[in-house]
Amino acid sequence: MLRVIIVDDEPLMVEGMVQMVDWEANGAKVVGTAHSGGEALVLVEKEKPDLIFTDIEMPGMDGLDFLEAIKPISPDSLLFLFSAHTDFHYAKRALKLGVLDYLVKPVTVPMIEDALDRALVQERKLEQKGGGRPEKANHQAIRKALAFIAERYNHDITIEHVAEHIGMNASYFSTLFKKEMGVSYIKYVTKYRMEIAKQLLLMGEKVMDVSEKVGYQSYRHFSETFKKQYQITPSELKTKGRTE
DNA sequence: AGTGGGGCTCTCTTCAAGAT
DNA sequence: ATCTTGAAGAGAGCCCCACT
């Protein structure tokens, strides 16, 4: 099991990541969290984690300085960096420092799960010199569809659009998608959107804005769908996030 | 600003039959 | 085996209005 630490100066962000991701189901365990570079260094020295998720902007020491500092302490740790901005200068420097990937905020549950997936593959490669586990979807067209959904989830993406994108009949795509993913297309897309919405709400965004950002035209409907998914309304979650 | 009820429309899922 | 097509039922999405 991968031992993970999370570093971010926003406590809500850290708490959100810890609570929302099913770490064990993804072969990982959070062994510690920190809210500054200095605090994180102590933690890394103590825990020697397999995987580190860290923010790029932190008081005192930024994420890249932190990465440089931990290299001698824990050279085998795999690294994921996240930031609210797409800054290619930073990204380039991060990749030079051996960062596995650069995640642009808002960091979502699917993004973390994907990162864990890749970290496990990387771990296995290091252990076995080659190999790696199979992708969740074996069918190439479905993998292409998943990438399309990830890119366009905040737009009106019908099954027709996706099927057309991968050059497949919509009806057959629906069947194939369920066979490959174990969940129907619409349920997958809805869950994907709701996970992102949850993250945005915990970060304090307005329900109306979140609804729009995840591709819903009506926040009335968004609210209903959200409640169906999590048994809590978006505004209730927001309030909960503020008080905890 | 946000939620709930009700009703309507449209999309998705599923299945069977058939083509490649 | 893989994929397409068409049809029917189920469910998702949207809209209006009322209410907090």
Side-chain angles (χ1 to χ4, degrees), chain A residues 10-22 25 84 105-114 117 131-244:
Chain A
E10 293 174 46
L12 211 61
M13 174 78 190
V14 175
E15 193 53 31
M17 278 179 71
V18 173
Q19 295 299 327
M20 286 192 295
V21 176
D22 190 350
K105 283 181 178 180
V107 177
T108 63
V109 172
M111 277 160 85
I112 301 285
E113 287 175 348
D114 182 55
D117 234 16
R133 61 188 199 154
E135 295 279 351
K136 275 178 192 163
N138 293 313
H139 202 290
Q140 200 187 347
I142 300 300
R143 287 206 293 269
K144 200 174 167 190
L146 292 176
F148 187 68
I149 293 166
E151 196 184 307
R152 308 271 304 170
Y153 72 89
N154 53 344
H155 294 78
D156 182 22
I157 39 164
T158 64
I159 198 167
E160 293 279 347
H161 289 146
V162 185
E164 192 185 334
H165 177 75
I166 62 171
M168 190 178 269
N169 169 276
S171 176
Y172 179 60
F173 168 69
S174 170
T175 309
L176 189 64
F177 190 94
K178 190 163 184 182
K179 188 181 151 213
E180 288 285 318
M181 302 300 294
V183 63
S184 70
Y185 164 78
I186 195 68
K187 284 210 166 75
Y188 177 88
V189 173
T190 304
K191 184 155 189 281
Y192 192 94
R193 285 170 163 167
M194 290 303 132
E195 295 287 3
I196 290 167
K198 198 172 174 180
Q199 188 79 35
L200 292 172
L201 288 165
L202 285 171
M203 286 167 73
E205 297 227 12
K206 284 197 285 183
V207 178
M208 228 171 160
D209 295 344
V210 172
S211 159
E212 204 175 315
K213 279 183 183 172
V214 297
Y216 281 82
Q217 288 173 29
S218 136
Y219 72 80
R220 163 74 193 88
H221 178 57
F222 163 73
S223 173
E224 189 179 318
T225 309
F226 191 90
K227 192 173 179 183
K228 247 185 227 165
Q229 185 85 30
Y230 299 116
Q231 290 78 51
I232 183 173
T233 65
S235 59
E236 276 168 2
L237 180 83
K238 238 180 102 173
T239 313
K240 212 177 150 195
R242 262 201 299 269
T243 53
E244 277 172 11

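Naming: A, B, ... by sequence-line order, numbering from 1 per chain.
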Exercise for the section: Measure across A/Y185 and A/V162 and return the closest heavy-atom pair with its distance rounded to 0.1 Å. Expected result: OH-CG2, 3.5 Å
Exercise for the section: Would you indicate, yes or no, if B/dT13 has its OP1 or OP2 atom less than 4.0 angstrom from a side-chain nitrogen or oxygen of A/K178? Expected result: no
Exercise for the section: Considering just the side-chain nitrogens and oxygens of A/T158, establish if one lies under 4.0 Å of OP1 or OP2 belonging to B/dT11. Expected result: no
Problem - A/Y185 OH - B/dT11 C1' separation (whole Å) - result: 10 Å
Exercise for the section: Please identify each residue that fulfils ring pair (Phe, Tyr, Trp, His ring centres under 6.0 Å) with A/H161, with sequence neighbours left out. Expected result: none
Fill in the blank from the handout: Overall bend of the helix from B/dA1-C/dT20 to B/dT20-C/dA1 (five pairs an end, 10° steps) is 50°
Handout entry: Euclidean distance, A/I157 CD1 relative to A/F148 CZ, rounded to 0.5 Å
Key = 6.5 Å
Exercise for the section: Specify the closest pair of heavy atoms between A/K144 and A/H165, including all atoms of both residues, with the distance to one decimal. Expected result: NZ-O, 3.7 Å
Problem - Minimum-distance nucleotide (side-chain atoms of A/M168 versus B/dT3, B/dT13, C/dT4) - result: C/dT4
Problem - Sequence-aligned protein contact record of nucleotides 15-20 of chain B, with B where the base is within under 4.0 Å of a protein heavy atom and S where only the sugar-phosphate is - result: B-----
Exercise for the section: Find the distance A/F226:CZ to B/dG4:P and express it as a whole number of Å. Expected result: 13 Å
Handout entry: Interatomic distance, A/E160 CD vs B/dC10 P [rounded to whole Å]
Key = 15 Å
Fill in the blank from the handout: Contact string for nucleotides 13-20 of chain C, one letter per nucleotide 5' to 3', B = base within protein heavy-atom range under 4.0 Å, S = sugar-phosphate only, - = neither, reads BBBB----
Handout entry: A/N169 side-chain N/O to C/dT5 phosphate OP1/OP2 under 4.0 Å
Key = yes
Fill in the blank from the handout: On a heavy-atom basis, the closest approach of A/R193 and A/V214 is NE-O, 2.9 Å
Completion exercise
Here the distance between atom C1' of C/dA12 and atom NZ of A/K187, to the nearest Å, is 10 Å
Handout entry: Which nucleotide in C/dT5, B/dT13, B/dT3 has an atom nearest any side-chain atom of A/I159
Key = B/dT13
Exercise for the section: Would you please name every residue forming a side chain to side chain donor-acceptor pair (under 3.5 Å) with A/E160, sequence neighbours left out? Expected result: none
Problem - For A/I112 against A/M17, the heavy-atom pair lying closest together - result: CD1-CE, 3.2 Å
Practice task
Write down the distance between CZ (A/F173) and P (C/dT5), rounded to a whole number of angstrom.
Solution key: 16 Å
Name every donor-acceptor pair, under 3.5 Å, that has one atom in a side chain of residues 166-179 of chain A and the other anywhere in the protein, sequence neighbours excluded.
residue, atom, partner, partner atom, Å
A/N169, OD1, A/S171, N, 2.9
A/N169, OD1, A/Y172, N, 2.8
A/T175, OG1, A/S171, O, 3.2

Practice task
Calculate the interatomic distance between A/K179 atom NZ and C/dA1 atom P; express it in whole Å.
Solution key: 10 Å
